[in-house]
Chemist: 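Once you've had a glance at the structure underneath, I'll fire off some questions.
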Amino acid sequence: MTTCSTRRHWLRNTVYAGVGIWALKGRLAWPQAEAPNERLNIAGIGVGGRGADNVHGCNSENIVALCDVDEKRAGPTFEKYPQAKRYRDFRKLFDEMADKIDAVVISTPDHTHAAPAAQALRLGKHVYCEKPLTHSVYETRVLTQLATEKKLATQLGTQIHAGDNYRRIVELVQSGAIGEVREVHVWFPGGYGGMDRPTDTPPIPPGLDWDLWLGPAPYRPYHPTYVPGGWRAWWDFANGTLGDFGCHYMDLPFWALKLSHPVTIEATSPLSPHPETTAHVLTVRYEFPNRGDLPPVTMTWYNGNGNRPEVPELKDADQWSAAVLFVGSTGKLVADYTRHRLLPEEKYAEFVRPEPSIPPSIGHHQEWIRACKTGEPALCDFSYSGPLTETVLLGNVSYRAQSKLVWDAGNLRATNCPAAEQFIRREYRAGWEL
């Protein structure tokens, strides 16, 4: 048994011995006990920007290694954790630190999520990964299966899932407050994309390893259009507005309605697919089957200025620029990250809400840390967030293939559209195969 596996065994047994669940004021709650004295050894991969926040969210543990291809952007995080060993290439980090780390936090651009996550899981390391889980549907399935096979703790960076607002909405929907739900709408303003590839070739900034930043993507010259934040608009690196915000907003109906894989996906847009950049106006209609006693559901995604459904009952619609709308047989519910409202308001003026039943979160990162130590699944582990991410990414597959997809989730293919295969599973630059 390796040093790390011995530590994990000790951590798990220690926490199981001292932590339980009990009822508090009619709902379940986790005890706020002191953590075990021995802490996890965590490595951060991609530690500038959002990555800095994710590392900070785990600083109750030992931050022992930090990896980033951009020294300047990662500089503040490097300085904050001077004891952590520094790397540019995550592969070297794993070569040198595999027996010294328990878990990794991955916050790189989308196209470089899968490679370090897969290597970490194969090495037996727990993984926290920013959303969307991966760049392609195939990569998501690989990580989901690896996490299951290895029995490791995972968590997707859908931090809003940990908030009380989503919990209260899930309770309302599942208690039947708006009746049977067969229809959901999800919208987000604006969008990325519509640009052509730049033709000038400015010098690579000092401290940026451009080849490592590209990773598995086809080689192209450096340009500040891509780094640090513009990469979300480019197919080689990301999945546009849908990829950026879909996992956050679709998370709510996935949770409340117990959704998993859709059976059909149909994307439409006034714009023809651009070979380089993502669609800044997009509508995607997903159809989900029965789930036990729950009826089929149609969920529609909208992004682009003015691209959203009409909601006559919502008197201040302009105040809901991004939201989720549940359409029930007896009412509606509109929600965003921090608030929700039952509609029509006059009907629900005297409505008595169900007693809270979903325990408050100890924090999105802390849920994952607890999962690493106890084996209890985090709420957004890959068994849940894998199908969520696949669903999100399939919207772009349908758009790029210019076809409605009849989806065979078990075999990871669109049975009616062979052209979709090139967008389900991408090719990799030599040396970066998954």
Side-chain angles (χ1 to χ4, degrees), residues 4 35 39-98 100-117 119-121 123 125-135 153-160 162 204-215 222 224 226-232 237-238 244 248 363-370 372 378 380:
C4 260
R39 300 185 294 179
L40 297 172
N41 288 337
I42 294 179
I45 300 174
V47 298
R50 181 70 204 139
D53 294 334
N54 284 332
V55 171
H56 179 72
C58 299
N59 68 4
S60 60
E61 310 305 300
N62 298 322
I63 308 301
V64 298
L66 296 170
C67 179
D68 203 291
V69 301
D70 189 338
E71 291 179 2
K72 181 178 179 181
R73 188 162 171 78
T77 309
F78 286 158
E79 293 173 9
K80 190 170 184 176
Y81 301 96
Q83 76 285 359
K85 192 164 183 180
R86 301 178 187 181
Y87 293 89
R88 279 193 177 188
D89 191 332
F90 71 86
R91 295 168 296 187
K92 185 175 181 182
L93 184 158
F94 286 130
D95 284 346
E96 294 184 359
M97 301 284 287
K100 300 177 181 68
I101 60 174
D102 301 297
V104 297
V105 176
I106 298 169
S107 312
T108 61
D110 298 357
H111 69 297
T112 47
H113 283 181
Q119 187 169 351
L121 291 168
L123 289 170
K125 312 305 175 186
H126 307 295
V127 174
Y128 180 106
C129 187
E130 259 305 319
K131 55 77 198 165
L133 181 53
T134 65
H135 184 248
T154 55
Q155 182 88 307
L156 184 70
T158 48
Q159 297 84 10
I160 311 303
I204 299 170
L208 172 63
D209 190 318
W210 177 240
D211 189 71
L212 281 177
W213 189 94
L214 284 172
Y222 161 82
Y226 313 128
V227 181
W231 53 268
R232 291 192 181 278
F237 311 132
D244 193 7
H248 280 314
H364 200 64
H365 298 90
Q366 290 301 313
E367 285 179 16
W368 172 65
I369 288 168
R370 181 177 65 193
C372 295
C380 290

Chemist: Flag the pair Trp213 / Asp70 as yes when at least one side-chain heavy-atom distance between them is below 4.5 Å, and no otherwise.
Modeler: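 They are not in contact (no side-chain heavy atoms under 4.5 Å apart), so the answer is no.
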Chemist: Evaluate side chain to side chain donor-acceptor pair (under 3.5 Å) for Glu130 paired with Gln159, printing each intermediate quantity in order.
Modeler: CA-CA 9 Å; Glu130 259 305 319; Gln159 297 84 10; 2.7 Å; yes
Chemist: For the CD1 atom of Ile369 and the CG atom of Leu40, what is their distance to the nearest 0.5 Å?
Modeler: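 Reported to 0.5 Å precision, the distance equals 6.5 Å.
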Chemist: Would you call Ile101 and Val64 a side-chain contact if the rule is heavy atoms closer than 4.5 Å?
Modeler: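 Touching, per the 4.5 Å side-chain cut-off.
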Chemist: Which pair of heavy atoms, one from Asp68 and one from Ala74, lies closest together, and at what distance?
Modeler: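 Looking at all heavy atoms of both residues, the shortest contact is CB-CB, 3.5 Å.
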Chemist: Determine whether His111 and Trp231 make a side-chain contact, defined as any pair of heavy atoms from C-beta on separated by less than 4.5 Å.
Modeler: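 The answer is no, as the side chains (C-beta and beyond) never meet within the 4.5 Å cut-off.
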Chemist: So if I apply the side chain to side chain contact (heavy atoms under 4.5 Å, CB included) rule between Asn62 and each of Asp102, Ile42, Asn41, which one comes out positive?
Modeler: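 Of the listed options, the one satisfying the test is Asn41.
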Chemist: Please determine whether side chain to side chain donor-acceptor pair (under 3.5 Å) holds for the pair Asn54 and His365, giving the CA-CA distance in whole Å, both sets of side-chain angles, and the decisive distance to 0.1 Å.
Modeler: CA-CA 8 Å; Asn54 284 332; His365 298 90; 2.9 Å; yes
Chemist: Is the shortest side-chain heavy-atom distance between Thr134 and Asp110 below 4.5 Å?
Modeler: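 Side chain of Thr134 against side chain of Asp110, heavy atoms only: no contact under 4.5 Å found.
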Chemist: Got a salt bridge between Arg86 and Glu71, using NZ or NE/NH1/NH2 to carboxylate O under 4.0 Å?
Modeler: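 Salt bridge flag = no for Glu71 with Arg86.
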Chemist: State, with a plain yes or no, whether a side-chain heavy atom of His364 is found less than 4.5 Å away from one of Thr158.
Modeler: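 Side-chain contact under 4.5 Å: yes.
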Chemist: Could you check whether any side-chain heavy atom of Phe90 comes within less than 4.5 Å of a side-chain heavy atom of Cys67, counting everything from C-beta outward?
Modeler: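 SC-SC contact between Phe90 and Cys67 confirmed.
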Chemist: For residues Cys372 and Ala103, report the shortest heavy-atom separation together with the two atoms involved.
Modeler: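 Minimum heavy-atom contact is SG-CB, 4.5 Å.
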Chemist: Hey, is Arg50 close enough to Asp53 for a salt bridge, meaning N to O under 4.0 Å?
Modeler: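 So Arg50 pairs with Asp53 through a salt bridge.
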Chemist: If you measure from OG1 on Thr112 to CZ on Phe237, what distance do you get to the nearest 0.5 Å?
Modeler: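 These two atoms lie 10.0 Å from each other.
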Chemist: Got a second to check how far Asp211's CG is from Tyr222's OH, nearest 0.5 Å?
Modeler: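 If I round to the nearest 0.5 Å, the distance is 15.0 Å.
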Chemist: As an exercise, state the distance from CD of Gln155 to NE2 of His126, rounded to the nearest 0.5 Å.
Modeler: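 If I round to the nearest 0.5 Å, the distance is 13.0 Å.
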Chemist: So do Met97 and Lys92 actually touch side chain to side chain, heavy atoms under 4.5 Å?
Modeler: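 Result no, sub-4.5 Å side-chain heavy-atom pair not found.
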Chemist: According to salt bridge (Lys or Arg N to Asp or Glu O under 4.0 Å), who are the partners of Arg91, at least two apart in sequence or on a separate chain?
Modeler: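 For Arg91 the salt bridge (Lys or Arg N to Asp or Glu O under 4.0 Å) partners, ignoring immediate neighbours, are Asp89.
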Chemist: State, to 0.1 Å, how close Arg39 and Ser60 come at their nearest heavy-atom pair, and which atoms those are.
Modeler: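 Looks like CD-O, 2.9 Å.
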Chemist: Are the side chains of Trp368 and Arg370 in touch, meaning some heavy atoms are under 4.5 Å apart?
Modeler: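 SC-SC contact between Trp368 and Arg370 ruled out.
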